[in-house]
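Heads up: the structure comes next, in structure tokens.
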Amino acid sequence: MTTEVGSETEVRKEPEKAEEQPAAPEPAATNQTDEAKAAEQSANDHPAPATESAEAPAEAKEKQEEAQPADNATPQEGEDTPASPPASEKKGISRFLPPWLKKQKSQSQVGPKESQAAPKEEAGVASVKEEDGEKEEQAEAEQTSSPTAAQPQVEEEKINGEPKPEQKEEVKSEEKEEENHSTGSADTQPAKEEKAAEESQEKSAAEEENKEAEEGGEEKKDEEESPKPEGGHSFIKSPLKLTKKVKMVMCHVTMLDGSQFPCEVEKRAKGQYLFFKVYEALNLLEKDYFGLSYKDNADQTCWLDPTKEIKRQIRNATWQFAFNVKFYPPDPSQLTEDITRYLLCLQLRQDIVSGRLPCSFVTHSLLGSYALQAELGDHDSGEHRLDYISDFQFAPSQTKEMEEKVVELHKTHRGMTPAQADAQFLENAKKLSMYGVDLHHAKDSEGVDIMLGVCANGLLIYKDRLRINRFAWPKILKISYKRSNFYIKIRPGETEQFESSVGFKLPNHRAAKRVWKVCVENHTFFRLMTPEAPIKAKFLTLGSKFRYSGRTQAQTRQASTLIDRPAPYFERTSSKRISRSLDGAPMINVTEAQESAPTSGENGREPGLELSSDSKVEEEPSEGAAATPTEGTEMKGDEPDSSQQSGRLRVQGENIYVRHSNLMLEDLDKTQEDVLKHQASISELKRSFMEATPEPRPSQWEKRLTASPATSLRLQAQGSLEEEMTSILFSKFACESGLVDPCCTTTRRATEGAVVTASGPLASALLTTEVLLSTDESKPTKHQRCSPSRTQEPPPDLTVDTVAKPPVVKTEMVTISDTFAAQKTEIATKEVPIVHTETKTITYEAAQLDGSGDGEPGVLMTAQTITSESLCTTTTTHITKTLKGGLSETRIEKRIVITGDSDIDHDQALAQAIKEAKEQHPDMSVTRVVVHKETELAEEGED
Amino acid sequence: MAGVMTGFGNFTHAVVRAIPSSLAKEALRMNVLDVDLVKAQREHEVYVGVLKHKLGLQVIELPADESLPDCVFVEDVAVVCGDTALITRPGAESRRKETEAMRRALKELDLNIVEMSDENATLDGGDVLFTGREFFVGLSKRTNQKGAEILADVFKDYAVSTVPVTDGLHLKSFCSMGGPGLIVIGTSEPAQKALKIMQQMSDHRYNKLTVPDDIAANTIYMNLPSKGHVLLHCTPEEFPESAKVFEKLKDHMLIPVSNMEKVKVDGALTCCSVLINKKPKV
């Protein structure tokens, strides 16, 4: 890796990256992972860049993330060159082009990121936040590569030492907490947010450079392939500059009428190129309702992102796509052109036949009769014998009786034109309760199978066929996903004071991400006036940068009003073909999804790794003893034992009672010299952070967070916790951008919360070990003061300074509850039952660590948090700059959270982590070691 | 043919059943009250008379069955929507046989009959609120999740949402439809809570008409070709305050119907009939 660094391109890019991370260079997708790994490894091997080696994983992640964004950028370029349709054609259509098509023109390499459109929520509802989408993607990529690693985060990271991206993406609604990181300058939050966007900055510059270099190298290659200059032009306009030989690939698109549309595209073409070709072939102007889907390796249906390279999205899958309706217009009569309605009819017929859109007998018959009228015209009793319709398929299972009914109804439509018949078809179909509802299999917090339905109005929750809850977009503040969990944060109702979160468990991480993406897109399309702008990335951004890049319904409607062409002629094809196509062609089929989903989930995940806030952890009563203070002490003394104990802990899926034991171990040890030694590198980091950081203002949101009892509750589950932290981070950014509210009081709190951990779904009691390393620059001596010896070996010498035994904590559990349950529990927040959690905390603190406490008097100037996650370790680096009586103090805290169920030898992991940390950061000291155990309810009584 | 979800409130037929004398003593009830059988029978005759003569519905009158004291409350044993009738599995075991006569009657009307054969399912029609666009099913002492699922499976065109019913016998013990998109709701806390849930669960907006007495919120709405909006509701004698509220419905033809006796055995207005919209054969 290091060797690569030298290339010019790299150098050039580096600066860019620093400023705009997201945009950064685009590495070849395949190589990215490797590179990242390499980077990490190198970092680890040679703490080289200086202190940060520990953070390397994080960086690696970041890099990956960056890489992806970069991908976006590059693809454009690539497309430009290859695509270049005749200018004349494009002109006419150009006004219908989505923003992303047009914007590209001006973009330079870096530009693409910006072009994506900065999201603004006009509806006021939701701002989309994605945090690690890209990371996730990479993670996914990784997953794919190694099927066994189901849960990307934990498993792979640790094992390989690869950085794993955090997989949480969030959409925030109504809170514009997002994105402008660039503005900020200031401050901070001490809290630890796992997703620190700026991780990359933290990373030693050197590492970044390396990565960049690598990426740069790739870019170079890319550039060579497709001339860069064109990057500026949208593919449409771009002249055929590609003189170089470009590898072409044949795509096959299954159209709605069942026909196949072959289309040759450049291998590195972006999705939009193919989109354009298809729209062009269809002569379709109102195209924003449609999309191209493909099946991923797990046979799950995914939407092709126009802004990204096709190849990177489909990965190893075949170049086989299906043209489908992506956004079902709630009122099809408002569509401008008949051809659009026709295509929508075809989609609905497919939906009906596949069973995705359930109908009653009568409705099947009625819709079938309109379809007949549209295709065949008036019923001709002479020509049409009864069997004429046997070739048509109207329902998943079609009876003779139904066919007779269809014919009977068909006769009544005499005189109706095909367009009228289509319109009637749609008028009836749109009223069906499942019209336009995109279903995803999931489980609620109790492991009960449910379905998540994403639609124009929001999110619907089904259990079997029953709707058990509904969250309209305006009611949703934020959506996010983490691992295989999908979370929504609900706006408090009239009588509620606090937001509540609801979590759902998806079959796997990808499924969670898919739901998240679909939500982002549907929300943007139906609820916003304009798509959210892409995050401009001045610095590293957190999470996925995924945004809906097309036009919103409002925009497409407006554009449609400008259509003034004569109605295009199109031929209505036989519905026979449609039914036939269902057999072989890839189409969206719910049942298929169901079947495949579980499987993929199994492949991909490791039982122990699944962390979800939804799950409940049970601990056997007797074993629960471990949680008791005494035992905690013992644990310290004899860690192996504790691990054994933990091993026995069982997690069951019932109620959530979580018990946490916090052992704060103090530690210390770095001599002052050591400190000085690394000072340089630290200050370097600091500097980079400071530049990037925003100013903190107290945000309402955070205040609430702090104040509300619910806040602490959130800590209960790691998943949710992380989510919280993430969101906090975001809000900070928002402040930076000056957009929203003021913020940061709570960070500290969040940090602490972080300590708490997670419940493992499958799992058994989870143990989380946290090591907090902190460095206080201004007061190096402090560390010395701290008790001397105990450092390197975590276990044995811990002293107990304080034993804090917080009693019963009420925890807000992330739960799906149907309304019934909610009613029973009488909680303020309707959907979220409160669960009692017992938390036991034993804290061992370093003697005089003033700086670390929450109560720190100083003014917070800056805070940066960098997080990286690997296998079952999450490393969070937090840099806080505080102004204290004129002195500015910078504290760097690094938090390493090791999570896992009892299978993991936590003691060993802890020892290892501490050891590594020490080596990497001689100037930092271990200030706290916290061991959490989550246990079941049963124990509640005991203590 | 009318399209999906049209003609809410348009009915042509009604199925009713006579009151057995066993009702006075043996009918199930939540509160112990003495029922005057004669009064109850007279009351029921008036009720049937309104349907038959005042509104011009074709009324199928099933004979009483002395072994089925609750048989007058036919609503609980069948849910009819469009051409489809779901024969329920009433939550009270003593009432299960009530379905037999109803099944025969509905078959004669040429409806598509669907049975609720699942032994674990229970459903009382009194827990089923059809708004014209969707169903709400109360999960009550008489109706369980499985029953609701079966209903959802039978009426696939419609969203079926569940609503917990903690107080009162049925969902419709404190609410009903008062018109298209208009929910009549009682003021009690459980009623209001249920309304909130229904509003949250629905993609559609409903107006509400709040009446002081929960049981008065049980009304029968029809939209008849010859009469327009029709609302059968409580009498001023029973619930003077609630009756006043209905006066606000200027567009409705208001018909107060006494229900003093039947209410003692938890019978509300809707309970005593199954309304059907039978389209004339083409």
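The closest side-chain heavy-atom distance from T162(B) to R467(A) is not below 4.5 Å.
In this structure, no portion of T84(B) lies under 4.5 Å from any heavy atom of chain A. Only the side chain of L460(A) comes within less than 4.5 Å of a heavy atom of chain B; its backbone N, CA, C and O stay farther away. With a 4.5 Å cut-off on non-hydrogen atoms, F155(B) touches chain A through its backbone but not through its side chain.
By the side chain to side chain contact (heavy atoms under 4.5 Å, CB included) test, T187(B) is found to be paired with T210(B), residues two or more places apart in sequence or in another chain being considered.
With rounding to the nearest 0.5 Å, the separation of OH in Y462(A) from CD in E149(B) is 14.0 Å. Note that OG of S202(B) is 9.5 Å distant from CG of N457(A), once rounded to the nearest 0.5 Å. Here the OG-CG distance, from S360(A) to D83(B), works out to 9.0 Å after rounding to the nearest 0.5 Å.
When all heavy atoms of A148(B) and L466(A) are compared, the pair lying nearest together is O-CD2, 3.3 Å. A159(B) and S433(A) make their closest contact through N-CB, 3.1 Å (heavy atoms, listed as atom of the first residue, atom of the second, distance).
Remark: the D464(A) side chain and the Q145(B) side chain contain no N/O donor-acceptor pair separated by less than 3.5 Å.
Q200(B) places a side-chain N or O within 3.5 Å of a backbone atom of R470(A) that can act as its donor or acceptor partner. D157(B) places no side-chain N or O within 3.5 Å of a backbone atom of C359(A) that could act as its donor or acceptor partner.
Of the options L151(B), D153(B), I150(B), V154(B), a side-chain contact (heavy atoms from CB on, under 4.5 Å) to R465(A) is made by D153(B) and by none of the others.
Contacts classified as ring-ring contact (aromatic ring centres under 6.0 Å, His included) and involving residues 199-221 of chain B (residues at least two apart or in different chains) are given here: F8(B)-Y221(B), Y221(B)-H229(B), Y221(B)-H252(B).
A 6.0 Å sphere centred on CD of Q334(A) holds more than 12 heavy atoms belonging to other residues, nucleotides or ligands.
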